[in-house]
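Encoded as structure tokens, the structure appears first; notes follow it.
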Number of protein chains: 2
Amino acid sequence: MDKGKLFQQFVRFTTSVHQVTNDMTKEIKIENITTVQYKILEFITVSQPVTLSEISECLHLSLPNSSRELKKLIQSQLCEKIIDPNDRRKFDIRLTEKGTALMNEVFQQLELKFQERINHLTESELEEMEEAIQILQTKFLDR
Amino acid sequence: MDKGKLFQQFVRFTTSVHQVTNDMTKEIKIENITTVQYKILEFITVSQPVTLSEISECLHLSLPNSSRELKKLIQSQLCEKIIDPNDRRKFDIRLTEKGTALMNEVFQQLELKFQERINHLTESELEEMEEAIQILQTKFLDR
DNA sequence: CTCATTTGTTATCATTTGATAACTAAATAT
DNA sequence: ATATTTAGTTATCAAATGATAACAAATGAG
């Protein structure tokens with residue numbers, strides 16, 4: 001296998017993924033939420049409960065800046081802290097009901113766009129696609 | 001096929017792709033180049049020659065802002081305008097030699113990280129992976 | 001018990017990015 | 001030939017993001 005060629009394909013592939021997800025999320029505008037705040041919300045949604053350090057590390061934000069942005073999200077009542085009884089410096093962060101409702105809406109919109117994008121595919125193509133995602137997830141992404 | 005489930009997998013998948021590429025590009029710091037400017041460079045690298053409007057559209061930047069950032073890249077002599085003789089309002093943008101050299105370095109670093117990430121895979125797993133990328137590219141991404 | 005480390009906070013400042021208005025020059029349409 | 005549209009520029013302002021210093025409180029190690 002020509003690993004150089006595979007790398008080329010990988011670059012093209014990741015570029016495409018970024019482009020497509022960019023296009024899909026582009027129009028989703030939530031009032032009083034900035035891009036970084038949305039990324040934080042998305043991260044919490046997918047990974048909750050999370051700590052502030054995890055947000056900081058995974059999103060490549062400094063702890064002070066993460067703290068600042070989280071504060072705004074908490075003020076908007078989209079998420080909340082749940083103090084860890086075992087280590088009171090730490091706390092888990094979760095979406096509130098309001099935050100959950102918001103993210104459900106967002107994901108519903110995204111799902112619509114996703115469905116549009118796949119609705120020309122046959123049943124067997126969908127299965128191929130699922131398998132392809134599975135392979136990349138296990139062989140390459142989850143490490 | 002449960003399309004809702006496929007969507008869930010898709011979300012997880014795109015999140016992972018973002019995370020991995022984020023981690024791979026994280027340490028790549030080029031002097032006097034901001035994040036947006038790097039994205040522009042990357043876009044030019046992959047798609048050159050491009051017009052300013054294409055940069056603007058694909059990267060979701062306004063034309064004035066694209067113009068401003070491109071100007072800085074040109075001042076740094078990383079790319080150059082080539083005026084279209086057929087329509088002198090337009091111009092193609094290409095990397096200069098300096099820009100090409102820089103991006104070659106960057107991509108070489110990226111390729112190293114990529115190789116690290118795949119070097120535990122067997123030959124047949126690599127082929128599976130290539131095939132998976134191919135499927136997603138043709139069935140879902142290229143539209 | 002004391003000191004170092006971990007986890008997060010607050011404040012502040014610089015830089016980057018986004019948005020918009022007013023503009024030019026070339027091309028196209030009527 | 002004039003008007004309109006297209007492609008890009010310049011200037012300016014506001015907002016978001018990044019970086020850093022100084023801090024506090026809880027935990028852990030010796």
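Quantities reported herein were computed from a predicted structural model and do not represent experimental measurements. First the proteins, then the strands, lettered A, B, ... as listed; each starts at 1.
Phosphate contact (OP1/OP2 of C:dT7, side-chain N/O of A:Lys81, threshold under 4.0 Å): absent. Residue A:Lys90 has no polar side-chain atom (N or O) positioned under 4.0 Å from OP1 or OP2 of C:dT9. For D:dA16, the OP1/OP2 oxygens have no side-chain nitrogen or oxygen of A:Lys72 closer than 4.0 Å.
The two residues B:Gln37 and B:Asn32 come nearest to each other via the heavy atoms OE1-O, 3.6 Å. Residues B:Leu141 and A:Arg117 share a closest heavy-atom pair of O-NH2, 3.2 Å.
The interatomic distance linking A:Ile93 (CD1) with C:dG8 (C1') rounds to 10 Å, in whole Å. Taking atom NE2 on B:His60 and atom C1' on C:dT17, their separation rounds to 15 Å, with Å as the unit. We find that CD1 of B:Ile55 is positioned 10 Å from P of D:dT9, with the value rounded to whole Å. Rounded to whole angstrom, the span from the CG atom of B:Leu59 across to the C1' atom of C:dG18 amounts to 14 Å. If you measure from atom CG of A:Asp84 to atom P of D:dA26, you get 13 Å, rounded to the nearest angstrom. Atom CG of B:Leu70 is separated from atom P of C:dT17 by 14 Å (rounded to the nearest Å). Put simply, CZ on A:Phe91 is 14 Å from P on D:dA26, counting in whole angstrom units. Distance CD (A:Glu69) to C1' (C:dT10): 14 Å, rounded to an integer number of Å.
For B:Thr51, taking side-chain heavy atoms from C-beta onward, the closest of the listed nucleotides C:dA26, C:dG18, D:dG8 is D:dG8. Nearest nucleotide to the side chain of B:Arg68, out of D:dT9, D:dT12, D:dA19: D:dT12. Side chain of A:Ser67, nearest nucleotide from C:dT9, C:dA19, D:dG8: C:dT9.
Atom CD of A:Glu127 is surrounded by more than 12 heavy atoms from other residues, nucleotides or ligands within 6.0 Å.
Judged by closest nucleotide on DNA chain C, A:Leu52 is the one of A:Leu52 and B:Pro64 placed further toward the 5' end.
Residue B:Leu63 is in base contact, counting any heavy-atom pair closer than 4.0 Å across all strands shown. Residue contacts for B:Asn65: at a heavy-atom cut-off of 4.0 Å it reaches a base atom on one of the strands shown. Residue contacts shown for B:Asn86 are limited to sugar-phosphate atoms, with no base heavy atom under 4.0 Å away.
If you check distances only, the side chain of A:Arg89 never reaches the base of D:dG28 with a donor-acceptor pair under 3.5 Å. In the interface, the side chain of B:Arg88 is not paired with the base of D:dG8 through any donor and acceptor atom under 3.5 Å apart.
For A:Phe114 and B:Phe140, the ring centers are positioned less than 6.0 Å apart.
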Applying side-chain contact (heavy atoms from CB on, under 4.5 Å), run through A:Leu126 and A:Thr122 and close with a yes or a no.
CA-CA 6 Å; A:Leu126 287 173; A:Thr122 66; over 6 Å; no
What's the verdict on side-chain hydrogen bond (donor to acceptor under 3.5 Å, both in side chains) for A:Glu54 and A:Ser47, showing C-alpha distance, side-chain angles and the deciding distance?
CA-CA 10 Å; A:Glu54 284 167 351; A:Ser47 317; over 6 Å; no
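A heavy-atom distance below 4.5 Å is found between the side chains of B:Lys5 and A:Glu130.
A donor-acceptor contact shorter than 3.5 Å is absent between the side chain of A:Lys90 and the backbone of A:Leu52.
For the contact set between residues 20-46 of chain A and DNA chain C, defined by any heavy atom under 4.0 Å, there are no members.
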